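First comes the structure, then the notes that go with it.
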Amino acid sequence: MSPSNIEKLGPHYQPPEATTEKIVASPEESWPTKDFGLIPIPKRLQYDPLKPFHFGIFLNVSFGFASTFTVANLYYCQPLLIEFSKSFDVTYEEVSRIPTLIQAGYLVGLLLISPLGDLVRRRQLVLLLVAISTTLTIGLAVTKNLRVFETLSFLIGVANVTPQILMPLAADLAPPERRASVLSVVISGLVLGVLIARVLAGVIGNFTTWRAVYYMSIGVQSLVLIGAYLVLPDYPSKNRDMTYFQILFSMAKYAVTEPLVIQVAVINIASSACFASFWVTLTFLLGGPPYYYSTLKIGLFGLVGMLGVLVVPFSGRLIDKLVPWYATLTATGLLLVSQAVQTAAGGINVAAVVIACFGLDVARQAQQVSMTTRVLSISSAARARLNAILILSLFIGQVMGTSVGTHIFVQHGWRACSLLMLALQAFSIVVLLLRGPHCPRKRWFGYEGGLEARKRVVLEREKSRSGEGGTVEHDPEA
């Protein structure tokens, strides 16, 4: 594009490489027809640059289903720790290492495996990860040695980053005007997996043996593997000129040089800390005065969380119509209000707890969808790395919220804990307001570009600015 045409677009125009990077495909180029050079790819799923894949409802739901039952592997163990202690004839302290090892493995997978989504074919990577996880789960189901169980648990944590491969792939396949809706389904599937894993493991482990939980997991993961083979489109690898270590270095560079990434990561840490603190301390709150609820009644509050998850995909449609910044602002405001309700009456009236439970869940997921939509639009060639940074920030927040929230609750009571989380929610809004909805990508602060909230109006302005200069390749989410 000529300098004169760029000048017409205004001072805040971002060139294509700053917003979206397409794979340059030649019709004459030969694209793979086999997975791993051995297994034929169904013809309808083979990549053809002349016939782009249609990312419809069925494929979107399939991505959500796969996310649900792969991430669930990280949480099956939590309600089963007492059963592990009896089966392996060890103390509670020894089996308490199992969930820690799984989460440690997951952290390693986020750092070292999920960035591969920007380097290799995602279809092959997903099939390989699900196959490895399924095989390792067979070992969990049959082993009678605690050390072997712990080792396999760590490795399963490493391999279970499939949702973090699927999410950037969904962003690649979805049209920009539907990206938030698509991501909301995948994120809802992921969160549902966290919730449903504990319920399934608790129920099955209560009526049968804990090994039956892992036999069930083997069956479900096998279905995911078969389903992925039958429905997952093949898509070319990106960044073919980069090495694995260059990918890792560039991920670290994004984490410290991109104002939007840093802003969203800080908000993510604060909000996920509040969310984790609420759910961890909820057991203490409802189990003590004035409620004295049983474990069963406390567990039923998880159903309120599941209801919130089911609402989130509908919010994705609304987010698609807005500039994502406003969706983040609205969701963060709702988080603040919900936390205020909990602070005012959470330890007095159970209705306040139910309202806070539902509000925090819906708002947190909507916030995550809008922030993910914004960040993944920075560069289509780096979406796996950008998503890994977001999930790492979420992970850090969860650890902080669990440890700090529990300590404050035990030492100073429910209201002190809730007040601290309320302050964190307010801090999130302050951080968001530092950069306006149309702040240029490399600008750390400011409101340049105006305050327009409707995405349609922004797109029309961009088209009018392009004028005689032709079509501008610009992702409306950026």
Side-chain angles (χ1 to χ4, degrees), residues 14-25 103-126 128-129 132 154-155 157-173 179 183 235-269 272 368 371-400 431 435 439-445 473 475 477-478:
Q14 298 293 326
E17 63 269 20
T19 54
T20 182
E21 297 155 41
K22 306 292 185 186
I23 295 173
V24 179
Q103 294 300 324
Y106 184 58
L107 180 60
V108 172
L110 284 175
L111 286 169
L112 302 180
I113 304 297
S114 61
L116 284 172
D118 285 336
L119 193 63
V120 302
R121 289 163 55 204
R122 268 76 62 86
R123 176 184 163 89
Q124 286 192 139
L125 183 57
V126 168
L128 181 62
L129 288 174
I132 290 173
F154 175 81
L155 294 175
V158 175
N160 268 278
V161 292
T162 301
Q164 312 317 328
I165 307 300
L166 292 176
M167 205 175 302
L169 178 57
D172 282 343
L173 294 174
R179 187 168 295 145
L183 289 175
Y235 203 71
S237 56
K238 300 186 283 188
N239 306 295
R240 303 179 193 181
D241 57 336
M242 296 182 71
T243 66
Y244 175 65
F245 292 105
Q246 287 174 325
I247 287 286
L248 293 181
F249 175 77
S250 64
M251 183 172 79
K253 186 177 178 182
Y254 274 117
V256 297
T257 62
E258 287 285 343
L260 177 59
V261 173
I262 295 170
Q263 180 193 41
V264 168
V266 171
I267 295 172
N268 217 15
I269 289 172
S272 61
Q368 193 173 348
M371 292 195 303
T372 302
T373 302
R374 293 178 72 200
V375 170
L376 295 190
S377 297
I378 289 176
S379 169
S380 64
R383 282 180 176 145
R385 285 163 284 171
L386 293 168
N387 184 66
I389 294 169
L390 289 185
I391 302 301
L392 283 169
S393 66
L394 186 150
F395 190 89
I396 292 169
Q398 287 178 340
V399 173
M400 287 175 51
V431 173
R435 302 181 78 248
C439 187
R441 176 181 169 185
K442 293 297 184 181
R443 195 67 56 86
W444 290 91
F445 309 102
E473 184 185 11
D475 191 326
E477 299 288 351

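From a predicted model like this one, the values you see are computed outputs, not experimental measurements.
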Rounded distance [0.5 Å steps], [atom1] in [X] versus [atom2] in [Y]:
X	Y	atom1	atom2	answer
Ile267	Met371	CD1	CE	6.0 Å
Ile391	Gln164	CD1	CD	4.0 Å
Ile378	Leu260	CD1	CG	4.5 Å
Gln368	Thr372	CD	OG1	5.0 Å
Ser114	Ile247	OG	CD1	11.0 Å
Leu111	Ile389	CG	CD1	10.5 Å

Is the closest side-chain heavy-atom distance between [X] and [Y] below 4.5 Å?
X	Y	answer
Leu116	Ile165	no
Met242	Phe249	no
Gln103	Val399	no
Leu107	Leu392	yes

Point to revise | Qualifying residues under side-chain contact (heavy atoms from CB on, under 4.5 Å), relative to Thr243, sequence neighbours excluded | key: Phe245, Gln246
**Study point:** Heavy atoms from other residues, nucleotides or ligands near OH of Tyr244 exceed 12 (cutoff 6.0 Å)
**Key:** yes
**Study point:** Contact list for residues 255-266, test salt bridge (charged side-chain N to carboxylate O under 4.0 Å, His left out), sequence neighbours left out
**Key:** Glu258-Arg441, Glu258-Lys442
What pair of heavy atoms forms the shortest contact from [X] to [Y], and how long is it?
X	Y	value
Arg122	Pro236	NH2-O, 4.5 Å
Leu390	Asn268	O-ND2, 3.0 Å
Arg374	Val264	NH1-CG2, 4.3 Å
Arg179	Ala171	NE-O, 3.3 Å
Ala265	Ser393	O-CB, 3.7 Å
Ala388	Met251	CB-SD, 3.8 Å

Point to revise | Trace of the side chain to side chain contact (heavy atoms under 4.5 Å, CB included) decision for Leu169 with Val126 | key: CA-CA 11 Å; Leu169 178 57; Val126 168; 5.7 Å; no
Check your understanding: Would a distance-only check, ignoring hydrogens and angles, find a side-chain to backbone donor-acceptor pair under 3.5 Å from Arg435 to Pro440?
Key -> yes
Review point. Where the side chain of Gln263 meets the backbone of Val431, is there a donor-acceptor pair that is under 3.5 Å apart?
Key: yes
Practice item. List the steps, then state whether side chain to side chain contact (heavy atoms under 4.5 Å, CB included) holds for Val375 with Tyr254. Key: CA-CA 11 Å; Val375 170; Tyr254 274 117; over 6 Å; no
